[in-house]
2 protein chains.
Amino acid sequence: MGITQRRDRDRQEMRKLIVDTATQILVEEGIDQVSIRRIADRIEYSPGTIYLYFEDKDDILYEAHLEAFSAFLDAEMTVAAIPDPLERLQALGRVYVNFALSNQRMYDLMFLIPVPRIQNKEKYDWSVSIRTYQVLRTIVEECIAQGRIKPNHPDVVSMQVWATVHGLASLIIRQRIPMVDKELVSRMVDPVLNYAFDALKA
Amino acid sequence: MGITQRRDRDRQEMRKLIVDTATQILVEEGIDQVSIRRIADRIEYSPGTIYLYFEDKDDILYEAHLEAFSAFLDAEMTVAAIPDPLERLQALGRVYVNFALSNQRMYDLMFLIPVPRIQNKEKYDWSVSIRTYQVLRTIVEECIAQGRIKPNHPDVVSMQVWATVHGLASLIIRQRIPMVDKELVSRMVDPVLNYAFDALKA
DNA sequence: TTCACTAACTAAACATCGTTCAGGGTATGG
DNA sequence: CCATACCCTGAACGATGTTTAGTTAGTGAA
């Protein structure tokens with residue numbers, strides 16, 4: 001009976017190999033360079049083989065996007081040790097933008113393209129995105145409870161903070177900020193975040 | 001000599017027909033349904049013909065994205081009549097999010113996908129994007145001059161406002177807001193904008 | 001009118017993509 | 001030793017963007 005278990009293990013390893021290879025190509029060359037055939041080439045299997053392990057390409061990207069969220073969750077956790085909630089909130093904002101700008105291709109997969117399998121309400125697992133949002137929301141709640149920021153429904157405040165950091169990161173990644181050169185744009189990040197968080201203070 | 005002029009006119013009309021058809025397919029069925037062959041089908045020409053009028057597909061999308069910016073500029077202008085600069089700023093924010101959510105496929109082309117031809121620094125014309133940004137920046141300057149909002153470099157404030165509205169719109173369009181159903185999400189828009197603008201007040 | 005020239009257009013082809021499928025191995029278990 | 005799973009491949013299908021050889025039609029001069 002060890003055999004079916006080994007088969008299961010082999011199967012999981014193969015799935016991981018495929019997802020990791022897809023992620024590798026994604027990070028190195030961008031999302032539109034990720035193709036079934038290129039993944040197959042790298043792992044030295046035929047394209048058809050991949051379909052023995054995944055329904056379709058979307059399925060692979062979905063798995064990759066879950067891993068990306070997991071890595072992002074780790075990044076979020078680095079602020080947990082900061083005692084002051086307002087400082088923690090600001091740190092989270094910086095960590096967010098920093099993650100997005102340091103892992104632009106990953107952030108692309110997570111937030112900029114239509115997320116894989118999102119149409120499939122049955123199959124899409126919201127738990128990771130909920131967990132990342134909860135990190136933010138919990139800090140916001142603490143800030144409100146301690147009267148450190150202007151009070152409002154915690155979801156409203158959380159959305160406002162999230163919109164700001166996501167908006168900033170995505171405008172930069174998509175190069176939608178006019179005139180100023182890249183150097184100048186990245187020098188704007190800190191002042192904008194400072195201004196945004198200052199405004200929230202009670 | 002009227003002939004070369006007629007040829008020029010015909011050429012421009014054909015270009016417009018192609019761009020309009022592309023835009024039509026984009027709005028009706030989304031950006032990944034826009035293909036050279038489908039445009040050719042609709043206007044009843046062969047695919048090859050399109051290449052007599054445009055370098056490549058990117059060129060067509062680039063032209064369509066310029067038109068989208070022009071429409072967006074018109075929407076922005078509707079707030080010009082509001083006398084109070086702070087009210088005007090808030091109205092602009094609402095117009096922005098409203099435009100994005102009412103024209104999601106257009107907004108996709110303008111801000112969510114990698115903008116066509118953006119790599120080609122030579123060929124990319126920044127003037128429309130600069131103009132749209134200037135509308136925001138001018139209002140922000142006036143607000144600062146009148147001491148209506150917390151003072152800072154006008155570009156910093158403008159970026160913060162822009163990031164908020166763009167972030168909010170793009171998170172909604174990309175369905176990245178967890179748990180809450182669509183109905184609930186759209187009910188969050190106004191409170192979030194109100195909270196964000198309240199925070200800016202001096 | 002006739003001839004050459006130019007511009008507009010098409011059909012077919014190429015490479016690439018996601019995906020499917022018939023067939024060939026290979027290990028497993030009786 | 002054989003049958004039954006399973007793993008894998010190569011070729012194929014339809015779709016994509018793009019290029020090109022070749023046809024058609026309008027223009028301007030002889």
Side-chain angles (χ1 to χ4, degrees), chain A residues 1-19 21-23 25-26 29-65 109 113-117 119-120 123, chain B residues 1-19 21-23 25-26 29-65 109 113-117 119-120 123:
Chain A
M1 68 192 61
I3 283 173
T4 48
Q5 286 167 0
R6 193 209 54 200
R7 284 232 177 95
D8 267 17
R9 185 163 33 83
D10 285 356
R11 198 178 163 73
Q12 289 313 315
E13 272 172 22
M14 185 62 157
R15 280 178 63 94
K16 182 163 159 35
L17 179 62
I18 292 170
V19 172
T21 308
T23 306
I25 298 173
L26 166 72
E29 316 185 36
I31 191 135
D32 36 47
Q33 291 304 314
V34 179
S35 78
I36 298 286
R37 283 178 167 86
R38 292 195 48 153
I39 298 172
D41 266 3
R42 285 221 191 182
I43 64 178
E44 294 178 293
Y45 281 88
S46 91
T49 304
I50 293 185
Y51 286 87
L52 300 175
Y53 296 89
F54 289 93
E55 258 188 44
D56 52 22
K57 187 183 170 184
D58 220 43
D59 230 21
I60 302 172
L61 291 180
Y62 174 77
E63 218 66 50
H65 122 281
L109 176 66
I113 67 169
V115 172
R117 229 160 87 173
Q119 293 309 0
N120 228 327
K123 284 179 160 186
Chain B
M1 68 189 62
I3 282 171
T4 49
Q5 287 167 1
R6 191 208 56 198
R7 285 232 176 94
D8 267 16
R9 186 164 31 83
D10 286 356
R11 200 179 161 71
Q12 291 312 315
E13 272 172 21
M14 184 62 157
R15 281 179 63 95
K16 182 163 158 36
L17 179 62
I18 292 169
V19 172
T21 307
T23 306
I25 299 173
L26 166 72
E29 317 186 33
I31 190 134
D32 37 47
Q33 291 303 314
V34 178
S35 78
I36 298 287
R37 282 179 166 84
R38 291 193 48 148
I39 298 171
D41 266 4
R42 286 222 190 181
I43 64 179
E44 294 178 294
Y45 282 88
S46 92
T49 304
I50 293 184
Y51 287 86
L52 300 174
Y53 296 90
F54 289 93
E55 259 188 45
D56 51 22
K57 187 183 170 183
D58 221 42
D59 229 22
I60 302 170
L61 291 180
Y62 175 77
E63 217 66 49
H65 122 282
L109 176 67
I113 67 169
V115 172
R117 228 159 89 174
Q119 292 310 358
N120 229 328
K123 285 178 160 189

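Letters go in sequence order (proteins before strands), and every chain restarts at 1.
Taking atom CD on B/Gln33 and atom P on D/dG17, their separation rounds to 11 Å, with Å as the unit. Atom CD in B/Glu55 sits roughly 16 Å away from atom P in D/dG17 (whole-Å rounding). Atom NZ of A/Lys57 and atom P of C/dT20 are 14 Å apart (whole Å). If you measure from atom CG of B/Asp8 to atom C1' of C/dA8, you get 15 Å, rounded to the nearest angstrom. The distance from atom OH of A/Tyr51 to atom P of D/dA12 is 18 Å, rounded to the nearest whole Å. To the nearest angstrom, P of D/dT18 lies 6 Å from CD1 of B/Ile36. If you measure from atom CG of B/Asp10 to atom P of D/dG26, you get 13 Å, rounded to the nearest angstrom. Atom P of nucleotide C/dA15 and atom CZ of A/Arg38 are separated by 18 Å, given to the nearest angstrom.
When all heavy atoms of B/Thr23 and B/Ala64 are compared, the pair lying nearest together is OG1-CB, 3.7 Å.
In this structure, the helix from C/dT1-D/dA30 to C/dG30-D/dC1 shows an angle of 30° between the axis at its start and the axis at its end, each fitted on 5 base pairs and rounded to 10°.
When the side-chain hydrogen bond (donor to acceptor under 3.5 Å, both in side chains) test is applied to B/Gln119, no partner is found at least two apart in sequence or on another chain. With sequence neighbours left out, A/Gln33 forms a side-chain hydrogen bond (donor to acceptor under 3.5 Å, both in side chains) with A/Arg38. Under the rule for a side-chain hydrogen bond (donor to acceptor under 3.5 Å, both in side chains), the partners of A/Arg15 that lie at least two apart in sequence or sit in another chain are A/Glu63. Every side-chain hydrogen bond (donor to acceptor under 3.5 Å, both in side chains) that A/Arg42 has, sequence neighbours left out, goes to A/Glu28, A/Glu29. Residues passing the ring-ring contact (aromatic ring centres under 6.0 Å, His included) test with A/Tyr45, sequence neighbours excluded: none.
Applying the salt bridge (charged side-chain N to carboxylate O under 4.0 Å, His left out) test to residues at least two apart or on different chains, the pairs with a partner in residues 47-57 of chain B are B/Glu55-B/Lys123.
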Taking distance alone, no hydrogens or angles, what donor-acceptor pairs closer than 3.5 Å link side-chain atoms of residues 47-54 of chain A to residues at least two apart or in another chain?
unit_1	atom_1	unit_2	atom_2	d
A/Thr49	OG1	A/Ser46	O	3.4
A/Thr49	OG1	A/Ser46	OG	3.4

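The 5' end of DNA chain D is approached more closely, in terms of each residue's nearest nucleotide, by A/Arg11 than by the other of B/Asp56 and A/Arg11.
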Please list each protein N or O that sits under 3.5 Å from an N or O in nucleotides 8-11 of chain D, with the distance.
unit_1	atom_1	unit_2	atom_2	d
D/dC8	OP2	A/Tyr53	OH	2.5
D/dT9	OP2	A/Ser46	N	2.8
D/dT9	OP2	A/Thr49	OG1	2.4

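A donor-acceptor pair is defined here as one N or O able to donate and one able to accept, closer than 3.5 Å; no such pair exists between the side chain of B/Asp58 and the backbone of B/Pro116.
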